[in-house]
2 protein chains.
Amino acid sequence: MSDLLERLRGRGWRMTAQRRVVAEVLDGEHVHLTADEVHARAVAKLPEISRATVYNTLGELVSLGEVLEVTTDKRAKRYDPNAHRPHHHLVCARCGAIRDVHPNGNPLADLPDSERFGFTVSDVEVTYRGLCPDCAAA
Amino acid sequence: MSDLLERLRGRGWRMTAQRRVVAEVLDGEHVHLTADEVHARAVAKLPEISRATVYNTLGELVSLGEVLEVTTDKRAKRYDPNAHRPHHHLVCARCGAIRDVHPNGNPLADLPDSERFGFTVSDVEVTYRGLCPDCAAA
DNA sequence: CACTTGACTTAGACATTGTCCATTGTAGGA
DNA sequence: TCCTACAATGGACAATGTCTAAGTCAAGTG
């Protein structure tokens, strides 16, 4: 177990069995799960956990900055527990596989003031698209 | 009217009243509409057009490369008629306003081979997030 | 340790967005 | 004009996410 639970407790998070389970699911597998996948794994550990609680908890973890929301495709949002190491994503256009990638350079610096329209720009999200080796072969 | 309809006809697109209306809606307003907003505007011009047809037509326009799908938020996909000038997006995290932006550099070149995992990378989508002037003031 | 309080959880109804299918209509060529 | 394949319709269905009212429980207090 990581220090995720410790950090949350330190922030005054009320610790419940449900929240612990959700945090454990995210912490245990470094893949990009949908909310429903998180729920399915949580149910395996705590059968009576409800969908609403999973959604609530995920939303809170996102607000706290412990987890990132990734919306690569039209379907469900995915949750990325790797929030403390900035990174971007590479998505297979056919099968939807997702890899974390670390491009060179800083895209934030590439947006000149003249293109900011007065916005306070705080974040960039880069999604590379292509075909994974398996789909390219097929 | 632009040459969008001409291009489509030239590609062997069967021209129907419904498709013309959808194309006109996208062509007329250079904003980023959701599928439902497109449908609403289409209904204003052709009351009996169905939702399924709008979805089908939008999907075809995307396949043809005449329109881009943008998924900036958790909600609906948006459709960007500005498919022929490559650009990226700047989104207000609070109100969802979207602007087209043209950053310097080429993010595709910033992804080293060692970070491509054998993928055939063909496209990049960059989404800047922040607060628009109105939301920053509030 | 028991009490108290307000935050947390639950179940399920509801909302939104998108897809599918069988039927009906029609564009465009012969 | 007539045919035929392609397109449109509308309504059911699916997937994802949100909300609410009522019950439950973590954690601080005495």
Side-chain angles (χ1 to χ4, degrees), chain A residues 5-6 8-25 32-64 66-80 96, chain B residues 5-6 8-26 32-64 66-80 96 98:
Chain A
L5 291 176
E6 287 311 313
L8 294 172
R9 196 187 300 272
R11 296 217 209 178
W13 228 43
R14 185 152 148 193
M15 191 50 58
T16 67
Q18 292 82 355
R19 289 176 165 184
R20 181 162 31 242
V21 164
V22 171
E24 282 174 8
V25 166
H32 303 78
L33 300 171
T34 65
D36 257 12
E37 288 166 348
V38 172
H39 180 233
R41 284 170 166 72
V43 164
K45 297 171 178 240
L46 187 71
E48 67 276 20
I49 194 171
S50 80
R51 224 155 49 93
T53 297
V54 172
Y55 277 99
N56 287 342
T57 305
L58 287 172
E60 286 159 17
L61 287 168
V62 170
S63 301
L64 290 172
E66 294 290 345
V67 162
L68 288 181
E69 247 176 33
V70 186
T71 54
T72 52
D73 60 6
K74 54 196 173 194
R75 315 281 281 163
K77 285 184 281 192
R78 291 175 177 277
Y79 292 89
D80 187 337
Chain B
L5 290 176
E6 290 310 315
L8 294 172
R9 196 186 299 272
R11 296 215 208 179
W13 226 44
R14 185 152 150 191
M15 190 51 57
T16 66
Q18 292 81 356
R19 288 177 168 188
R20 181 162 33 244
V21 164
V22 170
E24 281 174 8
V25 166
L26 287 174
H32 303 79
L33 300 171
T34 64
D36 257 12
E37 287 165 350
V38 172
H39 180 233
R41 283 168 166 74
V43 164
K45 296 171 178 242
L46 186 70
E48 65 276 21
I49 193 171
S50 79
R51 223 155 50 93
T53 297
V54 171
Y55 277 99
N56 288 342
T57 305
L58 287 172
E60 286 160 18
L61 287 169
V62 170
S63 302
L64 291 172
E66 293 292 345
V67 162
L68 288 180
E69 249 177 29
V70 187
T71 52
T72 53
D73 60 4
K74 57 196 172 192
R75 316 281 280 163
K77 285 183 280 193
R78 291 175 177 277
Y79 292 89
D80 187 338
I98 303 178

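Quick caveat: nothing in here was measured; it's all calculated off a predicted structure. A note on names: the letters A, B, ... follow the listed sequences, proteins ahead of strands, and every chain is numbered from 1.
- Interatomic distance, T34(A) OG1 to K77(A) NZ, rounded to the nearest 0.5 Å: 11.5 Å.
- Atom pair D36(B):CG and dA15(C):P shows a separation of 15 Å (rounding to whole Å applied).
- T53(B) places none of its side-chain heavy atoms less than 4.5 Å from the side chain of T16(B).
- Inter-residue side-chain proximity for Q18(A) and T57(A) is flagged as unmet; no heavy-atom pair is nearer than 4.5 Å.
- Side-chain atoms of R41(B) never come within 3.5 Å of backbone atoms of V25(B) as a donor-acceptor pair (strictly under, hydrogens ignored).
- Considering only residues two or more places apart in sequence or on other chains, R20(A) meets the side-chain hydrogen bond (donor to acceptor under 3.5 Å, both in side chains) condition with none of them.
- Between L5(B) and A23(B), the closest heavy-atom pair is CD2-CB, 3.7 Å.
- Direction of the helix axis in the helix from dC1(C)-dG30(D) to dA30(C)-dT1(D) shifts by 20° between the two five-pair termini, rounded to 10°.
- By the side-chain hydrogen bond (donor to acceptor under 3.5 Å, both in side chains) test, T71(A) pairs with no residue at all, sequence neighbours left out.
- Listed by chain and number, the residues in a ring-ring contact (aromatic ring centres under 6.0 Å, His included) with H39(B) amount to none (sequence neighbours excluded).
- The span of DNA chain D lying next to chain A, judged by atoms under 4.0 Å from heavy atoms, is bounded 5' to 3' by dA15(D) to dA27(D).
- By the 4.0 Å N-to-carboxylate-O rule, E60(A) lies too far from R11(A) to be salt-bridged with it.
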Practice item. Would you give a per-nucleotide map of nucleotides 3-13 of chain C, 5' to 3', where B means the base has a protein non-hydrogen atom under 4.0 Å away, S means only the sugar-phosphate does, and - means neither? Key: ---BBSSBBBB
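- For the pair D36(A)/Y55(A), a side-chain contact is recorded, criterion being any heavy-atom separation below 4.5 Å from C-beta on.
- Taking side-chain N and O atoms only, Y55(B) has no distance below 4.0 Å to OP1 or OP2 of dT19(C).
- dT16(C) atom C1' lies 14 Å from atom NZ of K77(B), rounded to whole Å.
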